[in-house]
Engineer: 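Below you will find the structure I want to go over with you.
Counting starts at 1 for both ligands and their atoms, in listed order.
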Amino acid sequence: MASHFKMRPGLFRAALPLITAAFALSTALPTLAQTSKSTASDAPWWKHAVVYEIYPRSYQDSNGDGVGDLNGITQRMGYIEHLGVDAIWIAPMYPSPQVDFGYDISDYESVDPQYGTVADMEKLIAAGKEHHVRVLLDMVLNHTSDKHQWFIDAASSRNNPKHNWYVWNDGINANAPGVTAYQKRFEHEGKVPPNNWVSGFGGSAWEWVPSVHQFYYHMFYKQQPDLNWRNPEVEKACFDAMRFWLDKGVAGFRLDAIPTLFEDPQLRNNPEKGGINAQGDPNLSDEYVSNLPEVHDVIRRMRSMVEKYPGNRVLIGETYLPNTAELDKWYGGTAQNELQLPMDMLLGFHGDHDKLDVSGFRDHITEALTQTHGGQPLFVFDNHDNVRAINRYGDVDPAHAGLINKALDTVLFTLPATALTYYGEELGMVTTTPTRKEDVKDPIGITGWPKEKGRDGERTPMQWTPGPQAGFSTNPHTWLPLAPDYKTVNVEVESKEPNSQLEWFKKLTMLRRENPALHSGKLTMLDTASTSVLSYVRSTGSDSVVVAINFTAQPQTISLDVKSGKAHTLATTDPSLTSTSSTKNLTLPPYTSWVASVQ
Ligand code: GLC
């Protein structure tokens with residue numbers, strides 16, 4: 001595949017042309033009602049929100065089958081509230097054969113029995129309301145499962161009314177001039193796929209169906225046939241599915257793989273980039289299968305549909321894009337009439353050699369804040385598809401991992417941007433990659449082994465306690481094994497340690513809500529020549545807060561020229577700075593964060 005994910009090792013490591021473009025660059029929290037005084041504004045809720053992604057298989061198992069479920073999430077709503085989270089995004093919980101763990105949906109208007117029922121989802125939404133936590137669902141619109149009735153019908157006959165809901169092609173003669181050896185690997189009845197497109201998950205993107213003597217297109221697994229968005233009936237059916245959940249009170253959606261809805265109608269070959277990827281396929285650009293301009297018409301109509309609902313429902317996009325200019329289009333440019341929150345993947349994901357590059361961060365943050373026609377940035381460092389940031393950004397010394405994770409939290413929560421985080425990040429959970437092929441659950445880790453070991457490592461069960469199965473399940477056969485560090489890295493232990501990852505996370509989300517400058521102050525970069533410390537001030541005029549983060553393994557002494565220079569420390573990851581009272585001549589120990597109000 002070309003460039004859907006940007007930062008996985010192995011398969012997705014091939015897909016990094018964009019790096020250069022992107023980065024040449026226990027105190028309980030107050031409730032929303034309590035905080036509204038200090039931070040009241042007319043801005044829609046999502047503008048200052050912290051959104052927390054939950055992988056439902058891995059969060060909390062309430063019925064002892066070793067797999068997380070909706071009632072499990074409901075039980076943990078109090079915890080989620082006290083993290084300072086405003087909304088959860090739940091990865092797909094719809095009925096699914098689970099080939100791609102829910103991203104292969106067989107019914108958009110129900111819940112997979114292993115996760116619960118529609119009534120359980122209603123209870124979850126109601127519990128969220130009680131705890132001031134909004135619920136966002138994942139909406140997978142690029143493709144369905146091959147077990148969805150729509151596809152079963154579509155594949156039954158060329159004359160079936162659903163046939164044209166998917167992307168079909170008769171193929172070309174295997175002996176036609178220009179047919180490559182690669183295309184010939186997928187020959188059926190003398191026909192080969194019409195072009196060189198490869199699936200992001202391995203093999204040709206075209207799958208033969210004998211009953212109709214045609215190939216269908218699939219960007220992902222062959223069990224995930226792409227919907228044909230050139231057919232208006234598809235849009236209607238998908239919008240109906242979204243309305244089904246909006247009517248039940250969900251606050252919006254995270255739109256899966258949304259740039260990939262359309263393919264080139266001329267089916268032109270994707271340009272070759274040379275070499276082969278972890279799945280053994282040629283490395284291709286995604287020029288003709290992703291980010292086609294047609295998608296924007298759909299998104300504008302979707303935005304108007306969602307806006308008919310009260311309460312500022314929000315559309316978040318999984319938008320891996322090459323640069324900020326492309327991202328701007330997803331907000332709708334000057335019109336701002338598309339996604340409210342297309343994810344900015346350019347800050348947090350740029351390859352398997354992510355590093356704390358001060359100028360890269362500073363330049364990209366500045367660009368994101370100024371080049372999207374007033375769009376609100378949505379920054380993210382972690383999700384269910386990528387090695388966790390604590391591992392990607394780590395340096396040679398494992399002892400630094402925790403501090404680096406805290407430094408990334410500081411960036412995420414103190415910028416004037418919406419923050420998206422992923423379960424376990426608040427604890428410093430690490431990626432636990434399988435060591436034996438026979439243990440791998442994610443199919444791309446099986447087909448790509450050993451170059452691509454799949455995404456299991458970032459999906460291990462949530463670590464609640466030092467007890468059996470880390471409190472995730474009563475069943476010793478959890479669907480993925482627990483990470484070995486769960487006895488020390490877990491909610492119970494970390495809630496009792498003032499310097500834990502968890503307490504740092506909560507301190508920052510609380511400050512973000514309570515402190516007017518961190519809530520809505522404008523950002524000005526400080527000390528812009530520094531290549532070791534990222535620093536900026538957030539200011540409303542009357543309130544100002546300075547943030548300084550040492551991105552290196554050495555102590556750094558800084559002097560920040562801001563207001564009178566008189567400071568009062570609000571939060572720091574190093575006790576030596578707790579009573580620091582000046583922005584001048586201040587030494588930040590390695591990877592230390594310092595947040596202080598200034599006068
Ligand atoms: C998105 C999801 C990923 C899934 C893919 C196909 O990228 O985040 O988990 O495999 O889409 O639906």
Engineer: Does the residue E53 have a heavy-atom contact with ligand 1, meaning some pair of atoms that are separated by less than 4.0 Å?
Structural biologist: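 No; E53 lies far enough from ligand 1 that no heavy-atom distance drops under 4.0 Å.
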Engineer: Under the 6.0 Å and 45° cation-pi test, does R134 pair with W89?
Structural biologist: no
Engineer: Relative to ligand 1, is R459 under 4.0 angstrom through side chain, backbone, both or neither, heavy atoms considered?
Structural biologist: side chain
Engineer: Is F101 near ligand 1, meaning one of its heavy atoms is under 4.0 Å from it?
Structural biologist: no
Engineer: Is NZ or CZ of K147 both nearer than 6.0 Å to the six-membered ring centre of F151 and within 45° of the ring axis?
Structural biologist: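 No, K147 does not sit over the ring of F151.
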Engineer: Would R455 count as a contact residue for ligand 1, given that I'm defining contact as a non-hydrogen atom of the residue lying under 4.0 Å from a ligand atom?
Structural biologist: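 Judged by the 4.0 Å heavy-atom criterion, R455 does count as contacting ligand 1.
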Engineer: Indicate the ring-plane relationship of W150 and Y108, choosing parallel, tilted or perpendicular according to the 30° and 60° boundaries.
Structural biologist: parallel
Engineer: Please list, in number order, the atoms of ligand 1 under 4.0 Å from a heavy atom of D100.
Structural biologist: 4 (C), 5 (C), 6 (C), 10 (O), 12 (O)
Engineer: Please list, in number order, the atoms of ligand 1 under 4.0 Å from a heavy atom of F201.
Structural biologist: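 What qualifies from ligand 1 is 10 (O).
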Engineer: For G68 and F472, work out which heavy atoms get closest and say how close.
Structural biologist: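 Taking G68 first and F472 second, the nearest heavy atoms are N-CZ, 3.6 Å.
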Engineer: Under a 4.0 angstrom heavy-atom cut-off, which atoms of ligand 1 come close to H143?
Structural biologist: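 Every atom of ligand 1 under 4.0 Å from some heavy atom of H143: 6 (C), 12 (O).
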Engineer: Where does the angle between the aromatic ring planes of H384 and Y103 fall among parallel (under 30°), tilted (30 to 60°) and perpendicular (over 60°)?
Structural biologist: parallel
Engineer: Would you call the rings of H188 and W208 parallel, tilted or perpendicular if under 30° counts as parallel and over 60° as perpendicular?
Structural biologist: parallel
Engineer: Residue-level breakdown please: for H218 versus ligand 1, do any non-hydrogen atoms fall below 4.0 Å on the side chain, on the backbone, on both, or on neither?
Structural biologist: neither
